[in-house]
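Each remark here refers to the structure printed beneath this line.
The chains referred to below are lettered A, B, ... by the order of the sequence lines, with proteins before strands, and numbering in each begins at 1.
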Amino acid sequence: MDEDRHERIRAAVAAIPEGCVATYGDVAAEVGEASARLVGRVLSEDGSDLPWHRVLRANGSSAPQILDEQHARLRAEGVEIRDGRVVLANHRVASGWIF
DNA sequence: GCCATGGCTAGTA
DNA sequence: GCCATGGCTAGTA
């Protein structure tokens, strides 16, 4: 079932540690079968307490409708934001998580 | 048809 | 900015 894939996406997002971030593509790669686009959709439809704010676009930016809340939450976890986006360069680690 | 994406290009500073 | 892509959803036949 497709719900299976959605569940794996949610599990991958849930596993991102506090203070760390990943890109939609990272999460998709982690799950294996998911496209980055699907990750965005699943998160947008999710109503649970998933740490969706730790998932960013490939360049560290955010879709406008979530930007304010996302940045507020990330700052609260100590993630630095410059020029309206999280700086991802040189922070990528082998597992795909970024810190 | 719609997008909480991503990559690549042109055009400005 | 623009276009390609993937996956889901609404709305018609």
Side-chain angles (χ1 to χ4, degrees):
Chain A
M1 199 192 273
D2 269 340
E3 193 49 37
D4 217 47
R5 178 163 45 182
H6 289 208
E7 188 47 47
R8 293 207 302 279
I9 290 173
R10 286 188 285 266
V13 172
I16 305 172
E18 183 177 332
C20 300
V21 295
T23 67
Y24 292 100
D26 287 335
V27 174
E30 191 77 11
V31 169
E33 293 284 339
S35 69
R37 192 132 210 158
L38 179 61
V39 174
R41 183 181 290 272
V42 167
L43 290 183
S44 74
E45 290 169 350
D46 186 79
S48 72
D49 56 354
L50 239 44
W52 57 266
H53 59 282
R54 296 176 189 147
V55 185
L56 302 158
R57 287 176 173 168
N59 66 0
S61 68
S62 304
Q65 63 265 47
I66 58 166
L67 188 143
D68 287 351
E69 179 66 18
Q70 184 159 41
H71 285 189
R73 290 187 184 207
L74 288 176
R75 269 192 293 266
E77 297 186 355
V79 175
E80 188 189 355
I81 292 156
R82 282 203 301 260
D83 298 323
R85 63 196 194 87
V86 175
V87 181
L88 303 180
N90 303 322
H91 294 274
R92 193 175 291 273
V93 293
S95 68
W97 308 134
I98 296 161
F99 60 96

Nucleotides 3-13 of chain B: protein proximity per nucleotide (B base, S sugar-phosphate only, - neither; heavy atom, under 4.0 Å): BBBSS------
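- Among residue pairs with one or both ends in residues 78-88 of chain A, those qualifying as side chain to side chain donor-acceptor pair (under 3.5 Å) are A:E80-A:R82; sequence neighbours excluded.
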Dot-bracket pairing map - DNA chain C, Watson-Crick plus G-U, both contacts under 3.5 Å, | cross-strand: ||||.|||.....
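- Checking side-chain atoms of A:D26 against main-chain N and O of A:T23 turns up a donor-acceptor pair under 3.5 Å.
- For A:E69, the salt bridge (charged side-chain N to carboxylate O under 4.0 Å, His left out) partners are A:R73, not counting sequence neighbours.
- Applying the side-chain contact (heavy atoms from CB on, under 4.5 Å) test to A:A28 and every residue at least two apart in sequence or in another chain returns A:A34, A:V39.
- With sequence neighbours left out, the side-chain hydrogen bond (donor to acceptor under 3.5 Å, both in side chains) criterion links A:H53 to A:E77.
- Applying the salt bridge (charged side-chain N to carboxylate O under 4.0 Å, His left out) criterion to A:R10, with sequence neighbours excluded, gives A:E3, A:E7.
- Counting only residues at least two apart or in different chains, side chain to side chain donor-acceptor pair (under 3.5 Å) contacts with residues 33-44 of chain A are absent.
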Please tabulate, one pair per line, all N/O donor-acceptor pairs under 3.5 Å involving side-chain atoms of residues 59-67 of chain A, not counting sequence neighbours.
unit_1	atom_1	unit_2	atom_2	d
A:N59	OD1	A:S61	N	3.0
A:N59	OD1	A:S61	OG	2.7
A:S62	OG	A:Q70	OE1	2.7

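- Using a 4.0 Å heavy-atom cutoff across all strands shown, A:E33 reaches sugar-phosphate atoms only and no base atom.
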